[in-house]
Amino acid sequence: MYRTRRIAIYGKGGIGKSSTASNVAAACADMGYSVTIIGCDPKSDSSITLLSGRRIPTVMDLMRQKVELCEENVVYEGYKGVKCVEVGGPEPGVGCAGRGIIVAMTALQKITAAIRDSDLVIYDVPGDIVCGGFAAPIRKGLVSEAYILSSGEYMPIYAANNICKGLQTLKMPLSGVICNSRNVPREKEIITEFASEIGSRLVAFIPKADIVQDCEREGFSVIEKRPDSAIADVYRELATSIMNCEETAIPVPMEDTCLRGLLRLKV
């Protein structure tokens, strides 16, 4: 049954969080939902494919420039009305990106109603759970459920398991695991078993397809650029699953020896 959603998508850096988040946002917008996407990664690229390849000013950049924040200079309208916000981060080698997220979230709540009024708000969150600031959307009560993005490779699953530890500590429900395939052997079997072991489920298996990167290079989501493609249908199915999700659970991370056994690695 549909209800408003406030979700965070976690995963190892480079695993495809921004691509997945933007395609889900576009698919939900096509369905008629009002959507806001908030990029919490210092790379500030969560919304770029919703804005025809255009980068927007980040909250942190504006704050450094001592520009007075307002909805007009922070919230930008993208594909089918998706509201786009980029938190940004500190200058390289200076400051804490996590702390920046906390400051930016506090400011955003004051200047825009998008977080409150949208049917779906997606937080594209950095994969490093070590820094407490990356849990800012959860700690501030802005997120009600999380998704973990991984592939069937060891390091992404290791990172996913660490994220489970953080979510367990924060008592944040996990709504499912999304596999962004890398075409490794037994990948779907591995990621399905991993999801089951942590007390969750595999909600989508996104096949590896060059079309995703091709569209990104042109500055578009697959949903916008290649709406008739098979991979676009996969994103639509994921979007529908997210909007209709009724099953959540606090994840229980795997022990490292069990995790290695899952991947048939020697300890």
Side-chain angles (χ1 to χ4, degrees), residues 4-14 17-22 24-26 29 34-144 146 166 170 172 216 219-221:
T4 57
R5 299 286 175 181
R6 305 289 181 266
I7 71 171
I9 298 180
Y10 286 93
K12 181 182 179 295
K17 293 186 301 298
S18 296
S19 175
T20 302
S22 61
V24 166
S34 57
V35 182
T36 295
I37 185 167
I38 300 177
C40 299
D41 195 303
K43 297 193 303 297
S44 63
D45 61 354
S46 300
S47 61
I48 195 166
T49 58
L50 296 164
L51 294 157
S52 302
R54 179 168 61 107
R55 284 189 178 272
I56 58 177
T58 72
V59 176
M60 293 301 294
D61 283 344
L62 294 173
M63 293 177 76
R64 275 194 297 272
Q65 295 163 12
K66 302 191 184 304
V67 174
E68 184 176 355
L69 299 180
C70 63
E71 190 166 39
E72 288 71 25
N73 62 18
V74 170
V75 183
Y76 290 77
E77 192 168 297
Y79 176 75
K80 293 287 182 74
V82 175
K83 292 180 172 61
C84 303
V85 178
E86 293 288 353
V87 170
E91 296 179 38
V94 180
C96 169
R99 177 59 185 166
I101 293 174
I102 294 173
V103 173
M105 288 299 168
T106 300
L108 280 173
Q109 287 178 284
K110 295 177 181 177
I111 64 173
T112 180
I115 296 173
R116 182 188 70 237
D117 295 342
S118 296
D119 296 321
L120 171 66
V121 180
I122 303 174
Y123 293 88
D124 179 9
V125 188
D128 186 359
I129 200 68
V130 175
C131 176
F134 291 160
I138 294 175
R139 292 191 183 280
K140 287 190 166 294
L142 301 175
V143 170
S144 56
L170 294 165
M172 172 54 54
E216 286 183 346
F220 297 96
S221 66

Check your understanding: Which distance, rounded to the nearest 0.5 Å, do you find between the CD1 of I122 and the OG1 of T20?
Key -> 10.0 Å
**Study point:** Closest heavy-atom pair and its distance - A114, E71
**Key:** N-OE2, 4.5 Å
Review point. Under 3.5 Å, is there a donor-acceptor pair between the side chain of K17 and the main chain of G11?
Key: yes
Practice item. Might you point out which heavy atoms bring S118 and T36 nearest each other, and give the distance in Å? Key: OG-OG1, 2.7 Å
Check your understanding: About how many Å separate OH of Y123 and CD1 of I7, when rounded to the nearest 0.5 Å?
Key -> 11.0 Å
**Study point:** Smallest separation among heavy atoms of V82 and A29, with atom names
**Key:** CG2-CB, 3.7 Å
Point to revise | Contact summary for M105 and P137, nearest pair of heavy atoms | key: CE-CG, 4.0 Å
Check your understanding: For T106, what residues pass the side-chain hydrogen bond (donor to acceptor under 3.5 Å, both in side chains) criterion, not counting sequence neighbours?
Key -> K140
Review point. Nearest 0.5 Å, what's the OH-CG distance between Y79 and L51?
Key: 13.0 Å
Check your understanding: Do T112 and V74 have side chains that get closer than 4.5 Å, going by heavy atoms?
Key -> no
Check your understanding: Shortest non-hydrogen contact from T58 to V87?
Key -> CB-O, 3.6 Å
Point to revise | Heavy-atom side-chain proximity of I38 to I115 below 4.5 angstrom | key: yes
Practice item. Test Q109 against L142 for side-chain contact (heavy atoms from CB on, under 4.5 Å), laying out the working first. Key: CA-CA 10 Å; Q109 287 178 284; L142 301 175; 3.4 Å; yes
Check your understanding: What pairs of residues pass the salt bridge (Lys or Arg N to Asp or Glu O under 4.0 Å) test when at least one of them lies in residues 107-117, not counting sequence neighbours?
Key -> none
**Study point:** Heavy-atom pair with the smallest gap, counting every atom of V59 and L69
**Key:** CG1-CD1, 3.9 Å
Check your understanding: Quick check: are there more than 12 heavy atoms from other residues, nucleotides or ligands sitting under 6.0 Å from CD of Q65?
Key -> yes
Review point. Quick one: does I111's side chain get under 4.5 Å of C70's, heavy atoms only?
Key: no
Which side-chain N or O atoms in residues 42-49 pair as donor and acceptor under 3.5 Å with protein atoms at least two apart or in another chain?
residue, atom, partner, partner atom, Å
K43, NZ, D41, OD1, 3.3
K43, NZ, D41, OD2, 3.0
S44, OG, R55, NH1, 3.4
D45, OD1, S18, OG, 3.4
S46, OG, D124, OD2, 2.5
S47, OG, E86, OE2, 2.9
T49, OG1, S22, OG, 3.1

Check your understanding: Once you round to the nearest 0.5 Å, how far does CG of L62 lie from CD1 of I56?
Key -> 9.5 Å
